[in-house]
**Student:** 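To start, I am sharing the structure in question, which I have written as structure tokens.
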Amino acid sequence: MAKKKVLYGVFNDDHVLLDAVRNIRAQGVRIQEVFTPFPIHGIDEAMEHRPTGLHTAGFVFGLVGVSLMFLYMTWINTVNYPLIFGGKPFFSFPAFIPILFEVTVLSAAVGMVVVYFVLNGLSPIRQKPVIDPRSSDDKFIIAFSADELSEEEKHEISNMLHENGATEINEKVL
Amino acid sequence: MNQTNEDRFIITSGERKFSYAMIGVGVLSLLIGVILAFTGGHIWAGKVWIALLANSLFFLGLALTGMFFITSHQLALGGWYVVFRRVPEAMSQYLPVAGLLMLPIIIGMWTHSHHLYHWADPEAVAHDALIRGKTGFLNPSFFTLRYVIYFGLWILLALLWRKASLKEDMEGGVKYYKKRMKYSAIFTVVFAVTSSTMAWDYLMSIDTHWYSTLYGWYVFMSFLVAGIAAMILIITYLKSRSYLPAVNSEHLHDLGKYLFGFSVFWTYLWFSQYMLIWYGNIGEETIYFKSRMEHYPFLFYFMIVINFVVPFFALMTRDAKRKIPSLVIISVLLLFGHWLDFYLMIAPGASANEVHFGFFELGLTAGYFGLFLLVVFRALAQARLSPVKDPFYKESLEHHT
């Protein structure tokens with residue numbers, strides 16, 4: 001993996017950070033990522049992220065899970081190993097529903113966890129570099145990809161960060 | 001001064017006329033029903049009493065949900081709902097009227113004018129060992145006493161809560177907030193017990209032999225879904241008249257989540273009740289579903305479709321919960337669906353599967369609807385629409401889901 005250069009500003013307060021993100025976006029500068037110790041309401045809209053597709057993935061996984069389980073249970077109870085329970089017909093839909101419900105929840109949940117890791121590029125064998133460990137404690141960070149920035153642009157961004165209340169501005173090679 | 005005026009709800013003459021017209025339709029339907037009951041068949045007597053009970057309970061449920069909503073949110077130190085708090089508060093002010101409208105059922109039981117409750121008929125009790133075993137709880141005197149206790153406590157707490165809320169508007173400070181907190185705690189405890197026992201009394205005892213242990217929660221959930229749907233409709237109506245400008249899509253989103261979640265939970269309870277009875281396959285229990293599926297098949301399945309299938313898929317996306325048109329359509333559907341739910345809880349058992357849903361029931365419901373609207377509008381007009389002195393008002397304005 002090629003080395004990446006980042007330029008980042010450190011903030012002390014989440015409200016200052018939110019305003020800074022809005023101001024910087026308003027000037028048309030692309031923010032690579034924001035790192036915060038806790039979720040900040042409204043940061044997605046401020047960064048103009050496109051809405052996540054995680055929900056759709058959950059729906060699709062749930063649908064696939066419930067359909068497969070329905071077919072599987074029907075096959076077991078009518079073809080593969082039909083047994084009489086309490087005098088009910090082999091195909092007893094009400095008895096399937098609790099299991100179908102559980103399987104829908106399970107497949108949607110597990111599927112969403114997997115998709116979440118994939119979307120974020122996380123996996124047990126690949127570790128994401130940490131820009132600044134303090135962003136998991138009490139600092140808030142706005143990071144810019146600095147690979148393609150000229151010195152003037154870097155200077156401009158640094159000024160912008162400074163004007164918007166960054167307490168320090170650093171550059172780092174990851 | 002100007003701002004206060006804009007924040008005050010003023011009932012237009014059109015709204016007043018609409019409410020009175022609806023009440024007129026209801027009274028007219030009731031008159032026609034009563035005349036038909038005296039001149040004609042015994043079916044009409046049943047029809048009138050069943051429609052009265054279904055409507056009295058359904059609109060009581062809306063008022064109780066209003067009260068439950070404000071008290072539970074207050075107890076949980078919720079802040080987000082404060083901006084539209086006056087709406088559930090106004091709904092709770094319907095409770096005294098709901099109490100009055102339950103009176104005919106009680107009086108009718110004493111005078112033996114109706115046969116809604118099989119256990120209230122001494123002759124039936126004398127020949128029925130099963131009912132005799134339940135007379136310790138199900139007897140007219142204790143039933144009436146419970147009616148007085150339920151409505152006495154509910155109305156008292158609703159009026160006290162309202163009074164503290166209005167006083168706070170004048171004087172400010174946290175004194176009245178603390179008072180409301182006390183009333184909320186008392187109401188929650190009272191309601192935890194009475195919501196279940198009320199469901200046994202007014203609904204489950206209709207099918208006197210039959211019983212279900214989760215019935216109380218099931219009825220409570222029906223109340224809650226219908227009440228939140230009504231709340232959304234009143235809020236969107238006020239917004240369409242450009243009141244409540246501070247209520248935005250964030251607040252509606254959370255109300256939409258309630259609507260979605262409680263619809264699913266209602267279905268969960270509905271199915272839990274159904275499945276245990278289906279699985280056990282004991283005649284005394286299955287009769288409840290058998291009479292509904294055989295004699296009311298359309299209403300029975302239609303109710304599940306509009307109370308679960310449609311809202312489940314329609315409210316699933318984020319946008320559907322945040323946009324007013326989709327929320328309004330689903331709320332209307334759920335309000336009607338849960339009304340049908342109440343009708344189906346009452347009609348088969350109270351009339352031996354003879355009475356069916358028709359224009360008469362719609363007419364009477366219109367009357368109750370008009371009365372409910374009038375009471376809620378009056379309560380809304382009584383005070384500022386925004387409870388600006390509430391300690392959580394600022395938090396509510398900043399709400400973000």
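Chain letters run A, B, ... following the sequence lines, proteins first, then strands; residues in each count from 1.
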**Student:** Taking everything shown except A:Ile84 itself, do over 12 heavy atoms lie less than 6.0 Å from its CD1?
**Tutor:**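 Atom CD1 in A:Ile84 is not crowded, with 12 or fewer foreign heavy atoms closer than 6.0 Å.
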**Student:** To the nearest 0.5 angstrom, please state how far the CD atom of B:Glu250 sits from the NE2 atom of A:His41.
**Tutor:**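 Interatomic distance, B:Glu250 CD to A:His41 NE2, rounded to 0.5 Å: 9.0 Å.
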**Student:** Within this structure, what is the OH-CZ distance for the pair B:Tyr268 and A:Phe101, rounded to the nearest 0.5 Å?
**Tutor:**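 Nearest 0.5 Å value for the OH-CZ distance: 6.5 Å.
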**Student:** So for atom OH, which belongs to A:Tyr81, do other residues, nucleotides or ligands contribute more than 12 heavy atoms lying within a distance under 6.0 Å?
**Tutor:**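 No, OH of A:Tyr81 has 12 or fewer neighbouring heavy atoms, counting only those of other groups under 6.0 Å.
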**Student:** For atom NZ of B:Lys394, is the number of surrounding heavy atoms from other residues, nucleotides or ligands below 6.0 Å larger than 12?
**Tutor:**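 No, the 6.0 Å shell around NZ holds no more than 12 heavy atoms from other groups.
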**Student:** Could you report the tightest heavy-atom contact between A:Phe59 and B:Met316, atom names first, then the distance?
**Tutor:**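 So the minimum-distance heavy-atom pair works out to CD1-SD, 3.3 Å.
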**Student:** Atom NE2 in B:His400, atom CD1 in A:Ile43: separation rounded to 0.5 Å?
**Tutor:**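 The distance works out to 10.5 Å.
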**Student:** Around atom OH of B:Tyr279, are there more than 12 heavy atoms from other residues, nucleotides or ligands closer than 6.0 Å?
**Tutor:**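 No.
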**Student:** Answer yes or no: are there more than 12 heavy-atom neighbours, outside B:Trp217 itself, under 6.0 Å from its atom CH2?
**Tutor:**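 Open: at most 12 neighbouring heavy atoms sit under 6.0 Å from CH2 of B:Trp217.
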**Student:** Identify the two heavy atoms, one from B:Phe271 and one from A:Pro98, that lie closest to each other, and give their separation to 0.1 Å.
**Tutor:**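 For B:Phe271 versus A:Pro98, the nearest heavy atoms are CE2-CD, 4.0 Å.
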